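Below is one structure; the comments refer to it alone.
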Amino acid sequence: MKSSVIVFPGSNCDRDIAVALKKLQFKTSMIWHKETELPKSDLIVIPGGFSYGDYLRSGAIAAKSNILTEVISAGKKGSLILGICNGFQILIECGLLKGALLRNSGLKFISKDIQVKILSNKSKFFKKYKSGEILKLNIAHNEGNYFTNKEHLDELENNELIPIKYCDRNGSIDLKSNPNGSINNIAGIFNNKKNILGMMPHPERMSDKVLSSEDGLGLFLSLMN
Amino acid sequence: MKFAVTITLKNDVLDPQGKVVGQTLKNIGIKNLNSIRQGKFFEIDLDESDSNKGEKKVKEMCEKLLANQIIEDFQIKKI
Amino acid sequence: MKFAVTITLKNDVLDPQGKVVGQTLKNIGIKNLNSIRQGKFFEIDLDESDSNKGEKKVKEMCEKLLANQIIEDFQIKKI
Amino acid sequence: MTVSKDQIEAHGLTFDEYKKIKEYLGRDSNLLELGIFSAMWNEHCSYKSSKVHLRKLPTKNNIVIQGPGENAGVIDIGDDDAVVFKIESHNHPSFIEPYQGAATGVGGILRDVFTMGARPIALMNSIHFGSPKNHKTKNLLSGVVSGIGGYGNSVGIPTVGGETKFNDTYNENILVNAMAVGLANKNKIFYSKAKGLNKAVVYVGSKTGRDGIHGATMASAEFDDNSEEKKPTVQVGDPFTEKLLLEACLELMKDNSIISIQDMGAAGLTSSSIEMASKGKLGIELNLNKVPCRENKMTPYEMMLSESQERMLLILDDNKEEEAKKIFDKWDLDFVVIGKTTDTNRLILNFDNKKVADIPIAALADKAPLYERKFTLNKLKKEKVEINNLKKIKIEDALLKILSSPNHSNKSWITDQYDQSVMCDTIQKSGGDSAVVRIHNKEKAIAISVDSSALYCKADPKTGGKQIVAENWRNLISVGAKPLAITNCLNFGSPEKTDVMGEFVDCINGIKEACEFLNFPVVSGNVSFYNETNSKSIHPTPVIGGVGIINDLKRITNIKTKENGNLILVVGKTIGHLGQSAFLYENFAMNSGPPPEINLLNEKNNGLAVLELIKKGIALSVHDISSGGILVSLAEMSMSSGLGLKIFKPKKLKNLYEYFFGEDQGRYLIELSKNNLKNIEALFKKNNVFHEIVAEVQNDTFEIEGLFSLKTKDLQICNNKWYEDFNAIN
Ligand SMILES: Nc1ncnc2c1ncn2[C@@H]1O[C@H](COP(=O)(O)OP(=O)(O)O)[C@@H](O)[C@H]1O
Ligand SMILES: [Mg+2]
């Protein structure tokens with residue numbers, strides 16, 4: 001399996017994701033944002049971090065970089081694309097995913113371990129999990145408060161385009177288990193064809209038992225053929 | 001030629017910052033506050049003497065980068 | 001009564017955001033840009049009919065909360 | 001053009017000092033030169049009041065690669081790995097503008113570490129605020145915390161721990177000390193010493209603006225009521241540029257083109273260029289027209305004294321410019337040759353084709369003033385606290401009061417704003433005795449802890465100095481680490497006051513004694529004087545940042561109790577010392593009596609015994625006993641796991657308050673399974689270590705037999721409340 005990790009100035013989870021992918025024997029190339037060509041790969045990852053310092057709007061400036069033109073056309077052709085945290089923000093800003101990621105409702109950076117519930121495992125990204133499974137993952141962001149209009153929200157809800165929602169340890173999805181104000185506790189969304197996933201939590205941070213859990217590994221396992 | 005650009009969240013978009021700022025203002029004793037919304041402001045200096053052309057340039061900047069038109073509106077003023 | 005408040009960094013204070021935004025505008029092909037500085041914008045709706053009193057209130061808000069006067073200046077306009 | 005009396009004064013120089021300047025120059029100085037002298041000779045850069053005392057500290061042993069005197073200290077942790085670390089204060093700027101002050105503090109300490117060729121792997125901090133009742137505190141707290149997070153999170157270095165304290169003494173002088181820890185190859189450490197003639201002096205990083213001009217002078221002057229109005233130009237941090245600078249420098253460091261490298265910290269271009277030249281016994285000549293400037297019409301004075309952030313000075317070997325420039329271009333950073341090294345031993349500055357300054361380097365560095373300030377040693381408080389004279393209070397109420405106090409409350413409100421996990425090597429986050437960070441790709445880790453105890457130091461600076469080193473040592477042991485070395489940040493009032501100077505001298509004596517005994521050398525540090533307002537000094541507050549090594553990732557301990565039925569032992573003797581304790585302070589607003597004595601022999605003995613038990617896998621959870629005594633430490637273990645404890649009354653000591661809240665030093669709590677009790681008794685006997693059983697782990701009830709019974713969950717609620725309430729927007 002080949003993967004490409006796109007690196008922007010200010011990306012800082014690029015090494016972390018590469019380590020997780022390597023663990024599963026992915027062949028990973030790190031692609032600098034100024035490149036104009038993308039190597040053939042089975043998976044494109046846009047990692048977390050603070051591309052361009054999160055200035056203007058998080059992800060807005062990275063969305064204008066050279067390599068994004070390639071990412072967009074790959075996405076439209078059906079390539080698998082995973083955007084984590086800042087990567088999710090970039091996918092939104094470049095239009096591959098719909099909606100907006102606003103400032104956290106508490107107006108503070110939030111970094112902690114949280115729980116998400118898998119609403120549906122019917123996708124290339126989650127097939128190794130069970131629907132209804134609760135995972136412990138880590139979040140670390142300023143702008144993860146997902147927002148979209150009613151129409152799109154219905155579309156997301158009705159077509160299983162929301163794979164994960166924030167929940168508590170018992171799996172209940174409510175205001176109390178919502179860390180950032182995200183509409184309907186949304187932690188990640190797909191595009192219509194389910195080949196592009198954007199998510200705020202970091203699966204790569206839960207890929208090593210020495211550190212915490214391996215709850216995030218299933219995502220990368222699912223992506224292997 | 002200088003332009004001022006203000007960018008605000010569209011009305012139907014939740015404004016978490018404005019909400020918290022408004023609440024805080026009330027806490028520190030500011031009364032009569034109906035509402036407050038937060039946005040961005042840019043002061044742009046262009047090397048351009050034709051104000052029509054200038055404004056068009058600034059509009060292009062807003063559309064291409066400064067504003068996210070899915071959630072934001074922008075306003076341009078010559079200053 | 002509505003007021004518009006713009007908050008800008010004082011001259012000589014580093015504006016890291018403006019710097020990156022300006023560079024990006026140039027990269028995406030905007031020419032003639034001399035400079036761009038980023039600030040904040042607030043739209044404030046007050047339950048107040050006396051515009052003097054209103055302005056005083058808004059000034060108080062700026063001083064107490066909205067602006068960080070060590071690095072920022074503010075401007076108030078009735079709209 | 002010569003300078004006036006007023007100008008000399010405005011630069012914080014005395015007339016005697018100016019006389020010296022004239023002597024070194026052989027003439028009057030001009031304003032630019034005066035500014036340069038003032039920056040180099042002030043307390044912050046010259047250490048003129050502290051140097052003679054700092055020399056007493058032990059700074060060497062077989063693992064120290066670089067002690068104090070460079071940007072950061074370097075120690076050897078085996079396999080060619082070196083750990084590079086330092087702590088630094090950013091107190092004054094943070095009081096004036098908490099967000100930017102704290103943020104740029106983090107930025108500065110990160111540069112000190114990566115300047116030496118290390119990739120930063122962890123950040124820590126020690127922050128002290130005034131009373132929560134002071135109207136400034138809330139704002140300062142939230143500004144400082146978001147500033148620390150805002151910078152570290154963006155650069156992508158995990159902030160893994162620290163300490164937060166509140167006390168009236170910091171009402172007008174908060175403390176913000178930031179520590180950075182980096183990892184380097186021990187054969188590729190970079191130093192600031194210049195070598196060779198006619199080598200290119202290169203400016204890299206951000207452009208120079210008018211920020212923080214005279215920041216270093218500000219840090220060396222006390223506040224008065226007007227300081228807030230004066231609004232000095234504070235520096236604004238740009239973590240994005242820092243991240244680029246970090247990556248660009250580390251990329252350039254992969255080959256051997258750098259002869260010398262120095263970050264532009266306090267007194268920017270002035271101190272960095274002089275430091276390089278002085279260490280290399282060379283001269284340096286700069287063309288200031290080449291300095292990348294952010295603003296129009298900047299003067300040489302402004303360029304030399306600006307404290308714009310995210311800048312570095314390099315000296316490159318011959319013919320390396322082109323390759324080096326490519327790297328900085330890639331990262332969109334300025335890269336300009338602004339001068340060269342010379343054999344004149346002078347700092348020569350040119351601007352608009354004129355020589356604008358010409359100063360012998362030695363006058364700015366080696367010959368900077370050095371003072372043996374007068375000092376008076378404090379008299380030790382001797383009175384013992386008579387517990388029977390105090391108002392009656394129930395043990396459980398005293399416990400809850402301590403757990404819900406600002407100083408002992410759970411700090412998640414703070415630490416949830418710090419990315420603790422980025423870089424994917426954080427094994428233990430904040431909340432325990434030390435943070436634990438894995439060495440990337442290896443089966444070993446380092447432990448880091450930051451500690452201070454101003455109340456002890458105020459009551460007796462020498463004992464306090466010793467205690468804080470010992471506590472730091474204990475915290476490292478508690479996670480299973482072998483303590484290696486420390487950095488320190490000495491926060492004090494004005495050195496011109498004999499009693500403050502006495503506190504300083506005594507604290508250093510205490511630190512020295514403990515470090516020597518524990519073989520725990522000081523490899524870097526920082527001194528922050530003039531923490532006082534309207535002549536009122538803060539309590540002496542030395543902050544110790546310690547680093548230890550763990551060579552077996554399977555043998556890392558934390559404070560979480562593990563299993564019902566296990567026993568908790570107190571290791572170390574309990575006398576019941578209540579002077580300066582949290583019990584008195586939180587329940588009776590008293591801070592009387594001497595601090596607890598330190599017996600270094602016991603300290604070492606007990607610590608090494610505990611470490612052995614951890615390495616053998618016998619100690620399942622470990623917590624040192626510090627502020628609040630046995631009962632608070634037990635409660636912390638219980639809250640951490642959610643399991644309860646059945647606590648036994650002591651067999652001998654009668655007074656339960658003294659037993660449960662006494663802050664005797666050199667003690668630990670350890671959890672072990674019952675069938676290991678026999679094994680450890682032999683070991684303890686052999687090493688002469690006192691121990692007794694104090695509790696048994698049970699379901700969810702926290703109780704002392706026959707005294708009180710609480711639910712662990714209620715302890716947690718009580719412990720979690722304060723920060724939320726204090727910071728709530730309602
Ligand atoms: N309390 C201290 N103990 C040991 N070394 C110290 C102490 N204070 C300062 N130093 C050392 O003195 C040198 C100068 O410190 P400083 O001026 O803070 O460095 P920088 O200019 O890099 O910030 C450093 O090498 C530092 O480690
Ligand atoms: Mg330095």
Side-chain angles (χ1 to χ4, degrees), chain A residues 7-20 22-23 32-34 47-56 58 61-62 84-86 104-114 136-142 169 179-180 201-213 216, chain D residues 119 142 145-160 237-248 329-333 412-431 436-438 440-443 445 553-554 556 724 727-729:
Chain A
V7 184
F8 298 98
S11 294
N12 63 33
C13 303
D14 43 332
R15 186 187 81 178
D16 301 353
I17 193 84
V19 168
K22 195 172 156 209
K23 200 168 175 179
W32 184 236
H33 71 113
K34 283 181 188 165
F50 281 67
S51 61
Y52 296 93
D54 261 3
Y55 298 150
L56 190 63
S58 20
I61 297 177
I84 300 166
C85 196
N86 192 225
N104 295 341
S105 53
L107 295 197
K108 292 212 174 323
F109 188 93
I110 312 172
S111 172
K112 59 177 175 188
D113 292 350
I114 46 84
K136 180 167 92 168
L137 296 177
N138 182 269
I139 52 168
H141 58 248
N142 243 322
R169 282 194 182 83
N180 55 19
H202 291 269
E204 78 278 16
R205 294 185 181 187
M206 294 293 171
S207 301
D208 188 341
K209 275 219 177 88
V210 174
L211 304 182
S212 181
S213 76
Chain D
R119 178 173 286 279
S142 79
V145 169
S146 54
I148 290 173
Y151 207 100
N153 297 345
S154 176
V155 180
I157 316 294
T159 301
V160 291
D238 181 359
F240 172 57
T241 300
E242 178 101 335
K243 166 75 174 166
L244 305 186
L245 191 59
L246 161 68
E247 297 302 338
D329 284 349
K330 169 183 164 191
W331 294 99
D332 293 319
L333 294 165
S412 311
W413 183 87
I414 295 175
T415 53
D416 283 355
Q417 297 183 55
Y418 302 148
D419 190 338
Q420 303 201 58
S421 309
V422 62
M423 294 186 93
C424 288
D425 283 313
T426 308
I427 294 177
Q428 196 164 147
K429 303 180 186 180
S430 50
V436 180
V437 178
R438 178 174 57 188
H440 197 61
N441 270 334
K442 305 230 167 129
E443 287 297 308
L553 295 186
K554 281 179 221 79
I556 298 174
E724 293 303 335
N727 293 292
I729 321 161

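By convention in this document, chain letters (A, B, ...) are assigned in the order of the sequence lines, proteins followed by strands, and residues within each chain are numbered from 1. Only this structure's heavy atoms are used, side chains among them; waters, hydrogens and symmetry mates stay out. Treat the numbers as computed from the prediction; the structure is a model and nothing was measured.
Two rings, from Phe240(D) and Phe50(A), have their centers 6.0 Å or more apart.
Proximity to chain D involves both the backbone and the side chain of Arg205(A), based on heavy atoms less than 4.5 angstrom apart. Heavy-atom distances place the backbone of Val155(D), and not its side chain, under 4.5 Å from chain A. Residue Leu244(D) touches chain A through its side chain alone, counting heavy-atom pairs closer than 4.5 Å. For Asp208(A), the part lying near chain D is the side chain, with the backbone staying farther off; criterion is any non-hydrogen pair under 4.5 Å. Both the backbone and the side chain of Tyr52(A) come within contact range of chain D, each with at least one heavy atom under 4.5 Å from a heavy atom of that chain. With a threshold of 4.5 angstrom between heavy atoms, Lys429(D) approaches chain A through side-chain atoms but not through N, CA, C or O. Only the side chain of Asp332(D) comes within contact range of chain A, with heavy atoms under 4.5 Å apart. Looking at Ser11(A), the atoms closer than 4.5 Å to chain D (heavy atoms on both sides) all sit in the backbone: N, CA, C or O.
Here NZ of Lys108(A) is found 11.0 Å from CD1 of Ile414(D). Values are rounded to the nearest 0.5 Å. To the nearest 0.5 angstrom, Asp416(D) atom CG is 8.5 Å from Ile139(A) atom CD1. Rounding to the nearest 0.5 Å gives a distance of 6.0 Å between OH of Tyr55(A) and OG of Ser154(D).
Between Glu247(D) and Val7(A) there is no side-chain heavy-atom pair separated by less than 4.5 Å. Counting heavy atoms from C-beta on, the side chains of Val19(A) and His440(D) come closer than 4.5 Å.
The 12-atom threshold is not exceeded at NZ of Lys112(A), counting heavy atoms of other residues, nucleotides or ligands nearer than 6.0 Å. Shown here is Lys22(A), whose NZ atom has no more than 12 heavy atoms of other residues, nucleotides or ligands within 6.0 Å.
The nearest pair of heavy atoms linking Leu211(A) to Ile427(D) is CD2-CG1, 3.8 Å.
Proximity to chain A among residues 418-425 of chain D is limited to Tyr418(D), Asp419(D), Gln420(D), Ser421(D), Val422(D), Met423(D), Cys424(D), Asp425(D), judged by heavy-atom separations below 4.5 angstrom.
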